[in-house]
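Chain A is the first sequence line, chain B the second, and so forth, proteins listed ahead of strands; every chain is numbered from 1.
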Amino acid sequence: MVFSTKMKYVLSSIAQRIRRCFVFTGLLLGPLSVFAQETGESIKTAAVETVNSGDTAWMLTSSALVMMMTLPGLALFYGGLVRSKNVLSVLMQCLISAGLIGVLWVIVGYSLAFGGEGKFFGNFQYFLLEGINPDSVSGSIPTYVFVMFQGMFAIITPALMLGAFAERMRFGPYMVFIGVWLLVVYCPLAHMVWGGGMISQWGAIDFAGGLVVHMSSGFSALAAAYFLGKRKGFGHEHIMPHNLPLTIIGAALLWVGWFGFNAGSELAADGTAGLAFLTTQTATATAVLTWVIIEWLHRRKPTVLGAATAAVAGLVAITPACASVGPGGSILVGAGAGILCYLAVTLLKPAIGYDDSLDVFGVHGVGGAWGALASGLFIADFAATDAGWGGQVWIQFQSIIFTAVFAIVLTLIILVVLRLLFGDLRVDEEGESTGLDLTEHSETAYSQEA
Amino acid sequence: MVFSTKMKYVLSSIAQRIRRCFVFTGLLLGPLSVFAQETGESIKTAAVETVNSGDTAWMLTSSALVMMMTLPGLALFYGGLVRSKNVLSVLMQCLISAGLIGVLWVIVGYSLAFGGEGKFFGNFQYFLLEGINPDSVSGSIPTYVFVMFQGMFAIITPALMLGAFAERMRFGPYMVFIGVWLLVVYCPLAHMVWGGGMISQWGAIDFAGGLVVHMSSGFSALAAAYFLGKRKGFGHEHIMPHNLPLTIIGAALLWVGWFGFNAGSELAADGTAGLAFLTTQTATATAVLTWVIIEWLHRRKPTVLGAATAAVAGLVAITPACASVGPGGSILVGAGAGILCYLAVTLLKPAIGYDDSLDVFGVHGVGGAWGALASGLFIADFAATDAGWGGQVWIQFQSIIFTAVFAIVLTLIILVVLRLLFGDLRVDEEGESTGLDLTEHSETAYSQEA
Amino acid sequence: MVFSTKMKYVLSSIAQRIRRCFVFTGLLLGPLSVFAQETGESIKTAAVETVNSGDTAWMLTSSALVMMMTLPGLALFYGGLVRSKNVLSVLMQCLISAGLIGVLWVIVGYSLAFGGEGKFFGNFQYFLLEGINPDSVSGSIPTYVFVMFQGMFAIITPALMLGAFAERMRFGPYMVFIGVWLLVVYCPLAHMVWGGGMISQWGAIDFAGGLVVHMSSGFSALAAAYFLGKRKGFGHEHIMPHNLPLTIIGAALLWVGWFGFNAGSELAADGTAGLAFLTTQTATATAVLTWVIIEWLHRRKPTVLGAATAAVAGLVAITPACASVGPGGSILVGAGAGILCYLAVTLLKPAIGYDDSLDVFGVHGVGGAWGALASGLFIADFAATDAGWGGQVWIQFQSIIFTAVFAIVLTLIILVVLRLLFGDLRVDEEGESTGLDLTEHSETAYSQEA
Amino acid sequence: MQKIEAIIKPFKLEEVKQGLAEIGSFGMTVSEVKGFGQQKGHTELYRGAEYEVDFIPKTKIEIIVSEEMAASVIETIEQKAKTGKIGDGKIFVYDVAQVVRIRTGQTGNEAL
Amino acid sequence: MQKIEAIIKPFKLEEVKQGLAEIGSFGMTVSEVKGFGQQKGHTELYRGAEYEVDFIPKTKIEIIVSEEMAASVIETIEQKAKTGKIGDGKIFVYDVAQVVRIRTGQTGNEAL
Amino acid sequence: MQKIEAIIKPFKLEEVKQGLAEIGSFGMTVSEVKGFGQQKGHTELYRGAEYEVDFIPKTKIEIIVSEEMAASVIETIEQKAKTGKIGDGKIFVYDVAQVVRIRTGQTGNEAL
Ligand SMILES: Nc1ncnc2c1ncn2[C@@H]1O[C@H](COP(=O)(O)OP(=O)(O)O)[C@@H](O)[C@H]1O
Ligand SMILES: Nc1ncnc2c1ncn2[C@@H]1O[C@H](COP(=O)(O)OP(=O)(O)O)[C@@H](O)[C@H]1O
Ligand SMILES: Nc1ncnc2c1ncn2[C@@H]1O[C@H](COP(=O)(O)OP(=O)(O)O)[C@@H](O)[C@H]1O
């Protein structure tokens with residue numbers, strides 16, 4: 001008997017136990033949903049589907065591009081913005097998102113998001129990708145490719161949040177936080193929007209993840225920033241980015257990778273993928289241009305950090321909308337993102353006074369919500385839905401509200417529980433002023449030789 | 001009525017006015033061409049064409065790769081070479097090229113390059129990509145994908161020039177300069193070479209842009225370096241690269257992205273794309289080897305900046321030739337690029353005494369011209385043209401001369417006009433010695449925390 | 001007559017002489033093999049094969065991704081780990097691997113690896129890719145694409161070794177070393193494993209290069225580290241990485257590029273490519289998680305360098321196994337890599353006391369051997385071979401032993417010969433303490449302006 | 001005139017600067033240094049190897065003042081830079097023979 | 001012997017070095033510092049927030065010379081480092097008790 | 001009290017530190033500087049252009065000690081930092097008027 005068969009046996013009995021335990025949790029969460037308990041049923045993909053090599057080629061590429069967004073893209077974007085004593089902690093938090101979520105996703109995450117027919121979340125039928133093999137097909141691509149493409153989304157989304165509580169959160173609690181958050185916030189939302197759940201039944205447009213990825217992380221980030229409190233010195237000390245070129249490399253790689261994110265979400269290499277690619281580029285370019293002009297007028301100088309932030313804001317906003325607006329619409333989406341995120345970061349944040357250190361809420365929360373709305377607002381003729389213009393806008397609006405509330409409430413609950421378990425989620429004062437690199441990882445980013 | 005229809009109405013009346021205004025400009029530029037005024041005709045691509053998913057997959061990827069060449073590739077390559085007080089200004093100039101040209105391209109650039117049948121330039125039929133939709137096909141790929149692939153070329157080309165006047169040009173005039181240059185120099189050249197205009201009618205070989213991209217930017221850069229004058233301290237102070245590792249990252253990403261640039265120019269994933277990929281790699285490798293050996297002999301030490309410069313020189317030179325020479329020919333192209341660009345940078349520049357700060361002319365101008373010539377000189381049997389060997393070389397020679405003169409003359413005209421409009425195009429002495437990052441953007445690249 | 005025809009004539013008479021000379025060498029190496037002398041026979045690929053655009057798209061992309069692994073991936077990964085006075089020398093060694101091997105590969109390397117039917121090595125039938133043209137097909141992709149994909153492997157493998165003797169080897173001898181090593185160690189191994197030679201006849205599984213790439217470089221690196229001796233100050237001075245963020249960027253780009261390496265080794269965009277992509281991601285994620293946990297327990301702090309090292313270790317280990325294990329198996333491969341490489345780097349190295357400066361042996365040697373074993377150990381049902389479970393494990397074991405001995409012995413022979421030719425392979429003491437950047441390349445990585 | 005040289009914890013610089021601004025307007029010159037003393041360093045880990053790092057980042061402030069002002073400057077620095085924990089740093093005082101302001105050629109107290 | 005310590009604008013270093021080379025051959029030690037004085041700093045922008053940065057990059061030159069040479073060294077620095085604009089910097093002079101050349105063990109003026 | 005300021009070759013720092021630890025427990029402050037002297041610099045190449053770089057990386061050590069200890073500290077530095085090759089560096093000694101330990105307010109020898 002081949003080794004892996006034995007191993008499979010061991011693993012599936014573990015699986016059984018875990019399932020039971022989750023079912024129990026499901027009962028606790030009962031009010032939220034009828035927990036889908038069917039397991040072991042055969043995979044949904046019909047036997048008649050065949051793999052298209054061109055679509056597969058594009059989806060393999062897209063998956064790699066989305067991975068590049070987290071590592072090194074996001075890691076650098078955030079890493080350059082913190083002080084040099086904390087840069088490694090940020091890189092580590094991105095790395096461990098890939099490490100932890102990368103494993104969790106194939107074990108239960110994928111199944112929770114894309115298994116079964118639940119209204120709020122999936123089931124455990126694909127526990128450890130049971131029932132999927134190299135011949136399994138989803139649409140016109142191998143199912144494994146679909147699993148991985150989605151897995152890359154699952155890796156970047158929790159990592160997006162870390163900007164909100166950068167420079168102060170302990171590493172252990174962070175790891176637990178993102179793991180739990182994935183299962184409790186991300187997977188259900190992915191299921192509701194893309195896995196056939198409630199929001200998809202409403203008919204919401206969220207092509208590549210304005211709701212699932214950006215609003216979920218952006219609003220959760222806001223909650224976490226409040227919950228963890230401000231950085232020592234915030235508001236009176238000069239807390240400045242230690243290495244803007246790193247940030248620009250990061251933003252640039254995010255931009256490049258985002259083509260896989262958005263055009264890849266078509267799951268095929270066709271005209272709609274082409275449209276998504278084009279609107280992504282145009283919206284982003286417009287956001288950059290808009291922000292630069294506003295900042296020039298408002299502050300007399302256009303900054304490169306502003307331009308980079310605008311690029312990310314534009315990319316965020318076009319994410320849900322990239323296949324439902326045309327080139328003209330994408331210009332409006334980008335311009336709106338430039339204006340709204342500028343206002344959020346420059347005026348809203350100081351007005352309210354929270355310390356969302358790297359502006360996750362201002363960029364992903366606000367940009368994601370704007371994009372989700374704009375997906376309906378500027379819908380192109382060729383993408384017209386049955387709901388009609390007004391109806392679609394209303395659906396989008398509802399989805400935005402639901403997602404915001406869902407993300408904030410569940411994130412706060414998770415954090416409260418974690419505090420009960422771990423005590424303080426922040427490093428102590430001494431550790432914060434020494435920097436997280438030394439305190440949490442016993443490392444220094446840059447060193448001078450003798 | 002769906003929102004985007006209303007918007008389209010507003011935008012197309014704007015379009016009308018802009019068209020009129022351009023027609024007027026066209027009249028002024030009358031001597032150069034009979035301005036193609038037909039607008040609104042249906043797109044050229046025939047209805048019978050269908051999308052090939054494999055070709056589309058490769059072209060989506062190639063477009064992303066070419067984007068990566070500008071951001072972060074070129075940005076880092078140039079950014080590392082300037083002094084640390086100017087690094088952000090270089091990054092910003094690359095970012096804004098993506099921002100400004102990214103928008104301009106879908107509005108008028110694409111149409112000016114690929115619309116109509118003009119001898120010198122295109123028309124306005126695709127203003128805001130009118131008449132193109134997700135179902136439009138060009139060859140075997142969606143038209144939107146072709147638009148984007150070409151758009152990435154349009155973004156990098158103006159950005160290439162900034163190396164010539166780095167560390168001294170004001171940001172505002174720079175923005176206007178590249179915008180105007182795109183419309184007046186780049187789009188016409190793209191039209192003449194790739195859009196069915198004059199040079200393509202001559203039968204010139206320019207597979208991926210030796211003339212359109214590298215000679216145009218390289219010779220314009222020379223003109224701009226002369227026009228703007230030398231940097232303060234040039235020639236007697238030590239002006240050294242502040243961060244060579246950044247430059248190497250940039251060169252490496254340029255190398256990787258260039259496979260999309262060259263092999264992507266086949267617009268399909270086939271044997272010719274394979275050839276272009278191979279010759280790109282071989283020529284570049286040879287150029288690196290050649291430069292390293294020459295420098296070793298000439299200066300007793302091979303430098304890493306030399307090797308990186310050689311890589312770019314090899315990539316530039318093989319660009320026009322990548323599909324018309326074989327493996328052996330590509331070795332000769334690369335060796336020639338190594339030798340000629342080394343001479344241009346090491347001997348020609350100090351001899352003439354201009355301050356082309358980052359050697360745009362020596363690398364892109366000289367390398368591009370050499371490549372364009374070599375496209376004919378080393379033409380492989382399988383790529384033989386009707387013109388015959390000698391005839392083709394002569395055509396290449398003519399195209400080189402035309403492009404060089406065209407680029408220099410128009411660039412000088414643009415700069416003269418800009419000086420009349422903006423006054424000095426350079427920052428003042430104080431600003432130059434403080435550095436452009438602070439002067440123009442109120443930012444510092446690197447900061448040490450308390 | 002077209003120029004290239006003349007050139008081809010000149011080149012092929014050179015080819016004749018080189019062949020003769022190699023044949024002579026072949027006689028010297030006679031005991032090892034009957035040297036395959038048939039040249040000029042037509043290429044193996046049958047005329048009936050046609051190009052699949054989707055597979056080609058993926059293989060073009062994969063080739064670019066593997067190039068990105070060396071430059072900038074590996075260059076940065078290693079560059080960040082050395083002291084700042086040596087960073088350029090590391091970047092240069094990577095660059096010249098692309099330069100030198102890039103040329104050598106199309107001249108003789110490919111032919112030595114994939115020409116003819118030899119047991120130990122190939123022949124010279126494809127000298128300068130003779131007989132291959134844009135219409136040549138290998139499997140479902142153009143032969144040129146196959147040549148390039150393999151060429152990228154040939155570039156990265158010698159470069160992997162440099163970590164073992166970083167910060168002390170002279171540049172000239174290094175160049176000669178990697179060139180000779182390619183022809184004497186790499187090409188034969190590639191032929192034996194992938195080109196139809198001995199090891200493939202045994203039936204060994206080495207999907208993407210655990211033996212050919214990682215064990216070969218890892219064990220050769222060990223030999224080279226011993227041969228060159230320790231760095232000055234090793235063991236008592238603090239020799240620390242000068243820039244960990246560079247290292248993390250490098251590790252991240254290695255990770256991303258590795259999808260091309262592993263999933264590209266399927267040479268098609270299909271379900272198996274999807275599997276290879278998935279197992280690559282899962283094994284790597286597991287390795288990161290495992291290492292972080294072990295280090296946390298063992299040293300009380302999880303480090304980011306540890307996590308990055310683990311990622312590379314996971315990637316290395318899954319390389320041979322990526323298409324023969326399932327998702328569950330890939331978790332075991334990754335966990336094993338995390339544990340074994342951690343032990344190798346943390347305990348084995350100090351115990352034995354060699355100075356493998358950047359742990360090439362600990363990561364690539366140990367990880368590669370583990371992966372090669374695991375390819376059989378955890379073989380999935382769908383990948384079951386005729387040899388049966390036990391039989392396959394035994395075959396894997398034999399291949400591992402053979403590769404280790406082959407690499408070590410030949411590398412030592414090469415180094416002995418080089419020392420006879422060049423004298424000391426190391427820079428002198430003065431040069432080592434000044435740093436290789438200045439000593440060997442007359443450059444400084446970072447400079448502060450006035 | 002006297003030179004007052006203070007080695008302090010980096011994050012105290014801003015406070016010291018503001019404290020000095022309150023008692024008068026002083027020019028100063030600041031640099032980054034590494035200090036070694038009773039305050040113990042930290043352990044760094046690299047690939048499993050442990051290194052003891054003894055040197056701790058400190059900030060050096062140099063202020064040249066007239067004899068009269070010296071005492072109050074010293075006192076202010078003492079107050080503002082103090083955390084009470086080991087490693088707070090030292091103040092060293094030296095005599096200055098001469099001062100020149102380059103721009104004007106003024107010398108002595110006038111040059112400060 | 002005396003120590004001449006000059007805080008100057010960074011881009012003046014080369015000129016000062018050459019000026020000194022003309023009047024004799026002097027060793028010197030140079031470091032990067034940040035200065036605070038009458039010269040005002042600049043504003044930096046980060047995501048819309050404005051920060052006033054008071055510290056300005058300066059270069060510190062330290063030269064130990066014999067008493068006889070001190071005056072001409074000071075004069076040379078004064079001339080070469082001067083732009084006439086605010087922030088040109090200062091020259092501070094201290095007495096040196098002893099000098100040793102490590103290589104030879106020479107002391108005093110011989111060690112310079 | 002005296003200030004002993006030594007400009008040494010960077011790779012000698014560790015040895016000097018250990019040498020000093022053997023003769024007693026001294027605090028010290030270290031910084032990176034660039035030196036100019038008889039030791040000649042090097043040539044750098046950038047795109048074929050050659051630049052002469054005169055400044056050489058050095059490490060500056062500052063130790064304030066009581067008068068009694070000064071001699072043995074100087075001697076130790078001399079021994080440990082010496083390679084016998086040009087560029088070994090210098091030791092400069094100055095008088096210190098006053099020392100204060102910020103944490104405790106102690107002054108004079110007690111503050112060291
Ligand atoms: N004798 C000395 N000479 C020069 N610098 C010193 C001396 N002693 C201490 N320092 C500096 O003062 C800093 C703080 O000293 P330390 O002994 O750690 O704590 P404390 O100031 O609380 O006594 C050191 O890091 C070092 O930079
Ligand atoms: N009292 C002082 N002590 C130490 N350094 C000083 C002092 N005053 C000025 N400096 C240094 O001299 C530099 C120039 O001084 P500043 O007052 O700006 O202009 P100026 O030299 O023209 O009077 C400052 O940036 C600072 O580095
Ligand atoms: N007169 C001086 N003033 C200040 N620093 C000096 C002086 N002379 C030498 N130095 C410092 O000492 C270092 C070594 O001096 P150098 O003349 O090169 O060799 P050596 O110490 O063997 O005589 C120089 O790099 C410089 O930093």
Side-chain angles (χ1 to χ4, degrees), chain A residues 52-55 57-58 61 65 83-85 237-238 240-245 248-249 252-253 255-256 259-260 263 268-275 277-278 281-282 284-286 288-289 292 299 301-305 307-308 311 325-329 331-332 377-382 384 389, chain B residues 1-5 7-8 11 51-58 60-61 63-64 67-68 71-72 75-76 79 87-88 91-92 95-96 98-103 106 128-129 133-137 141-145 147-148 151 171 243 246 249 440-450:
Chain A
N52 174 302
S53 65
D55 294 343
W58 173 235
T61 306
L65 285 172
R83 287 163 292 175
S84 65
K85 63 186 175 188
E237 269 176 35
H238 289 190
M240 291 202 186
H242 88 284
N243 192 325
L244 282 177
I248 306 304
I249 308 178
L253 291 177
W255 191 331
V256 172
F259 292 121
D270 59 14
T272 301
L275 170 71
F277 195 113
L278 185 138
Q281 176 74 356
T282 308
T284 308
T286 311
V288 169
L289 206 58
V292 162
R299 297 287 191 190
K301 293 280 171 65
T303 64
V304 64
L305 175 55
V325 303
I331 289 181
L332 297 179
L377 219 51
F378 305 138
I379 197 166
D381 293 342
F382 56 70
W389 184 76
Chain B
M1 194 175 67
V2 169
F3 181 92
S4 66
T5 315
M7 193 193 66
K8 203 178 283 173
L11 285 170
V51 165
N52 173 304
S53 65
D55 294 343
T56 303
W58 173 236
L60 288 166
T61 305
S63 306
M67 181 65 197
M68 189 173 79
L71 289 172
L76 294 179
V87 54
L88 295 180
L91 303 182
M92 185 65 165
L95 256 172
I96 207 64
L100 178 64
I101 311 293
V103 178
V106 299
L128 243 173
L129 306 186
N133 60 50
D135 296 325
S136 307
V137 180
I141 59 171
T143 302
Y144 278 150
V145 177
V147 172
M148 274 295 99
F171 181 66
N243 192 323
L246 278 193
I249 307 177
E440 295 286 291
H441 308 293
S442 287
E443 286 172 299
T444 311
Y446 309 103
S447 63
Q448 220 93 36
E449 69 250 22

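Distance alone, capped at 3.5 Å, is enough to place a donor-acceptor pair between the B:S447 side chain and the A:P241 backbone. Using modelled atom types, one side-chain atom of B:T143 and one backbone atom of B:V137 make a donor-acceptor pair closer than 3.5 Å.
Note on B:N52, B:L60, B:L76, B:L100: by heavy-atom pairs under 4.5 Å with chain A, the leading option is B:L60. Across A:V288, A:L244, A:T286, the residue that shares the most heavy-atom pairs under 4.5 angstrom with chain B is A:L244. Ranked by non-hydrogen atom pairs under 4.5 Å with chain A, the options B:V145, B:V103, B:V87 are led by B:V103. For the options B:G54, B:P134, B:G102, B:A57, heavy-atom pairs under 4.5 Å to chain A are most numerous at B:P134. Contact tally against chain B (heavy-atom pairs below 4.5 Å) for A:L65, A:D270, A:V325, A:T284: the top residue is A:D270.
Note: A:F277 CZ to A:T272 OG1 = 15.0 Å, rounded to the nearest 0.5 Å. The line from CD of A:Q281 to CH2 of A:W255 is 5.5 Å long, rounded to the nearest 0.5 Å. Rounded to the nearest 0.5 angstrom, A:L275 CG and B:S136 OG are separated by 10.5 Å.
Contact of B:V51 with chain A is made through the side chain alone, with heavy-atom distances under 4.5 Å. In this structure, no portion of B:I101 lies under 4.5 Å from any heavy atom of chain A. With a 4.5 angstrom heavy-atom cutoff, A:I249 touches chain B via backbone and side-chain atoms both. If you measure heavy-atom distances from A:L278 to chain B, the contacts under 4.5 Å come from both the backbone and the side chain. Neither the backbone nor the side chain of B:A75 comes within less than 4.5 Å of any heavy atom of chain A. If you measure heavy-atom distances from B:S63 to chain A, the contacts under 4.5 Å come from both the backbone and the side chain. Proximity to chain A (any heavy atom under 4.5 Å) is restricted, for B:E443, to the side chain, taken from C-beta onward. If you measure heavy-atom distances from A:T303 to chain B, the contacts under 4.5 Å come from both the backbone and the side chain.
For the pair B:F171 and B:I96, the minimum side-chain heavy-atom distance is below 4.5 Å. When side chains are defined from C-beta on, A:S84 does not count as touching B:Y446, because their heavy atoms never get closer than 4.5 Å. Between B:I141 and B:W58, every side-chain heavy-atom pair lies at or beyond the 4.5 Å cut-off.
Heavy-atom minimum distance, A:M240 versus A:R83: O-CG, 3.7 Å.
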